[in-house]
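What follows is a set of notes on a single structure, which appears directly below.
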Amino acid sequence: MKFTYYGHATFLVDVQGKKILFDPFFNGNPLANAALADTIEADFIFVTHGHGDHVSDLASIAKRTGATVVCAAEIAGWLGNQGVTNTLPMNHGGFIQFPFGKAKGVNAVHSSSLPDGSNGGNPMGFVFNTEEGDFYIAGDTALTMDMQLIPLWAKLSFAVLPIGGHFTMDVADAVHAAKFAQVDKIVGVHYDTFGYIKIDKEAALSAFAAAEKTLLLPDVGITIEL
Ligand code: NI
Ligand code: MN
């Protein structure tokens with residue numbers, strides 16, 4: 001599996017020959033190369049929730065690429081109003097079959113309104129089972145006991161966890177989350193974009209190392225093999 005980071009909580013996972021883009025936020029993202037909004041390719045776009053820092057380029061990229069957008073039913077409705085029709089509305093629940101494997105929506109403790117103020121449904125994370133490995137995308141969330149359920153569904157090769165604090169888990173809680181989810185390799189996201197979520201990267205790396213976990217903080221634009 002290949003993971004490419006675009007800054008904040010925007011990234012792409014390449015698995016089983018499919019490109020899965022998450023939470024496209026290029027325009028307005030101080031860490032991102034905004035021009036990528038016009039060129040990035042995707043087969044699927046998974047959306048964790050409706051906040052502006054997760055959907056700013058969602059409709060335009062969905063229309064240009066024709067990618068299937070997998071998201072809360074409420075977000076699918078909002079996209080439909082903008083002419084995006086290739087959506088797969090879903091919610092927290094059972095596994096859904098895709099060409100690259102299976103995925104399910106899981107709890108995220110956060111909120112989810114859309115940029116026009118409409119209801120974004122439940123915020124969520126996603127658990128993936130694929131032949132190349134299992135992974136967990138937490139989305140914006142606080143630490144929650146529900147993360148202890150994840151090992152029932154997946155033997156995780158890696159997890160993508162928010163670590164910036166303030167609106168989501170901070171580093172200390174993300175270490176607890178990694179223990180709950182029984183995962184040793186963590187990609188940290190949702191940090192350093194804005195003043196509220198600036199972190200000490202060295203301290204973050206040390207905190208995970210002390211728990212015998214590996215925190216990966218790829219630079220923007222960098223692709224890593226996971
Ligand atoms: Ni959010
Ligand atoms: Mn966010």
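Counting convention: from 1, in listed order, for ligands and their atoms alike. Computed from a predicted structure; not experimentally measured.
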Greater than 12 external heavy atoms within 6.0 Å of Lys198's NZ: yes

Over 12 foreign heavy atoms within 6.0 Å of NZ, Lys104: yes

The Ni ion (ligand 1) to nearest N/O/S of His54 below 2.8 Å: no

N/O/S atom of Asp53 inside 2.8 Å of the Ni ion (ligand 1), strictly under: no

N, O or S of His190 under 2.8 Å from the Mn ion (ligand 2): yes

Whether Asp140 has an N, O or S atom under 2.8 Å from the Mn ion (ligand 2): yes

Angle at the Mn ion (ligand 2) (to 10°), with one arm to OD2 of Asp53 and the other to NE2 of His54: 90°

Matching residue for Phe11 among Val220, Thr223, Ile137 - test: side-chain contact (heavy atoms from CB on, under 4.5 Å): Ile137

Test applied, side-chain contact (heavy atoms from CB on, under 4.5 Å); reference residue, Phe208; option that passes from Asp184, Leu216, Val175, Thr214: Val175

Vertex the Ni ion (ligand 1), rays to ND1 in His51 and NE2 in His110 - rounded to 10°: 90°

Rounded to 10 degrees, the angle NE2 of His49 makes with OD2 of Asp140 at the Ni ion (ligand 1): 90°

Pairwise distance CG(Asp170) to NE2(His190) - rounded to 0.5 angstrom: 13.5 Å

Heavy-atom side-chain proximity of Ile150 to Phe180 below 4.5 angstrom: no

